Amino acid sequence: MSGQIRSEWPLYEVFIRGKRGLNHVHVGSVHAADGQMALRHARDVYTRRNEGVSIWVVPSTEIIASSPGEKDPLFAPSGDKAYRHPTFYEIPDNVPHM
Amino acid sequence: MSSAVAEPQLEAEFEAIVGHKDRIEPRDWMPEAYRKTLIRQVAQHAHSEIIGMQPEGNWIGRAPSLRRKAILLAKVQDEAGHGLYLYSAAETLGTSRNELTELLIAGKQKYSSIFNYPTLSYTDVGTIGWLVDGAAICNQVPLCRTSFGPYGRAMIRICKEESFHQRQGFELLMTMMRGTQEQRDMVQESVNRFWWPALMMFGPPDDASPNTEQSMAWGIKTHTNDELRQKFVDMSVPQAEALGVTFPDPELKWNAERGHYDFGTPDWDEFWDVVKGNGPCNAQRLAHRKRAWDEGAWVREAALAFAAKESKENHA
């Protein structure tokens, strides 16, 4: 980051559970002095219309990410394994419930 | 980011993603010019939301009823939220919120010229909701499919909320149009002031918009300024008829051949003058933003100091 000229509140990534039964989903980020403040800011910024029943905030620096931009070999192992998908197997049309 | 892959190959991959109308994500390789263009556009958009709080915030304390006050408060709070979604998107490009705010205050980054016009009466709250937010929606809906993922996702969130903004404005004006003759005159007067500046929100005409072609090739923009302006005029005329007001343009009339409304030319000299900083409220808007930023400095510093102290005590 080029902008840390003077001390800026750290960045937190925000994840929201939209309703019971759903996963938390990343929605954006907020700046805050600490985690509790990040939660409050996330509530004000991302849930003004009942968009959430639960919020997670994580310091952005704590996210460990794969690198999608550089033809990452990380995903190569699943590329050639078509037999992991049900459509790989041919079953006659007259076989029910399959 | 270190990479063993050669730049021409990275560029080809970038072009392929954009060509398929797929999305570029923050950690993808991107041409420096693409990154710069996006930072400029997203920052300008974010600044517009934040500066845009001022003209309407001006009327919160004088809203005519508790209902109207609650609506206006919620609307201005949304503008703050929109600014923050967009700053958040801009930060994924490697800039920081402090940096952007300081560039704005130093006059090195712009915001939409519409917010340099004053709000002279409470009626303007309605007109801004209807026309200014209406124009913003026209601009923003296509941006939901822009090529940079975080920008598009911010736009989706914003568009959902803008609809409330436009409807509350239109309803406010409708209420006034059902009132006294004096109130109807106030609505017409306000619409007269905002119509042309609203048309200017789409930016200069296509032949004077040097960035459009590249932005469209990159999938950042999907429509030209003039296309969007025409769409806005076509949408707004029947709304004005329903409301019972007219637009201050003698050339405005339906063209059956084109299937669109013809309309006059905005005063582009005025537009450029406002962009250059000479609009009625440019100095006031920036001075207000600077004051809020400067006067809030001790709060930002105190919160950091408190967090540091707490963290130390917890680890002691």
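None of the values given here were measured: they were computed from a predicted structure. Just so we're on the same page: letters track the sequence lines, and every chain starts at 1.
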[X], [atom1]: over 12 other non-hydrogen atoms inside 6.0 angstrom:
X: A:Asn23; atom1: CG; result: no
X: A:Lys81; atom1: NZ; result: yes
X: A:Asn50; atom1: CG; result: no

- prompt: For A:Ala32, is it the side chain, the backbone, both or neither that has a heavy atom under 4.5 Å from a heavy atom of chain B?
  reply: neither
Contact origin within A:Gln36 toward chain B - heavy atom pairs under 4.5 Å: neither
- prompt: How many angstroms lie between CD in B:Glu99 and CD in A:Glu8, if you round to the nearest 0.5 Å?
  reply: 9.0 Å
field: Straight-line distance of A:Ser7 OG to B:Arg300 CZ, nearest 0.5 Å
entry: 9.0 Å
Side chains of [X] and [Y], heavy atoms from C-beta outward: is any pair under 4.5 Å?
X: A:Val27; Y: B:Arg157; answer: yes
X: B:Ser96; Y: A:Leu11; answer: no
X: B:Arg97; Y: A:Trp9; answer: no

- request: Using a cut-off of under 4.5 Å on heavy-atom pairs, state which of B:Ala303, B:Ser88, B:Ala307 scores highest against chain A.
  value: B:Ser88
- prompt: Residues two or more places apart in sequence or in another chain: which of them pass side-chain hydrogen bond (donor to acceptor under 3.5 Å, both in side chains) with B:Ser112?
  reply: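 Partners of B:Ser112 by the side-chain hydrogen bond (donor to acceptor under 3.5 Å, both in side chains) criterion come out as none, since no residue qualifies.
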- prompt: Can A:Asp34 and B:Glu310 be said to form a side chain to side chain contact (heavy atoms under 4.5 Å, CB included), step by step?
  reply: CA-CA 9 Å; A:Asp34 60 29; B:Glu310 290 278 291; 5.5 Å; no
- request: Could you please spell out the steps behind the side chain to side chain contact (heavy atoms under 4.5 Å, CB included) verdict for B:Glu161 and A:Arg48?
  value: CA-CA 10 Å; B:Glu161 300 182 351; A:Arg48 288 192 302 283; 2.8 Å; yes
message: Quick one, A:His31 with B:Tyr87, criterion side chain to side chain contact (heavy atoms under 4.5 Å, CB included). Give me CA distance, side-chain angles, the key distance, then yes/no.
response: CA-CA 10 Å; A:His31 283 277; B:Tyr87 283 129; over 6 Å; no
task: Look only at the side chain of B:Tyr85 and the backbone of A:Val45, and say whether a donor-acceptor pair between them is shorter than 3.5 Å.
output: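 Yes, because the side chain of B:Tyr85 sits within donor-acceptor range (under 3.5 Å) of the backbone of A:Val45.
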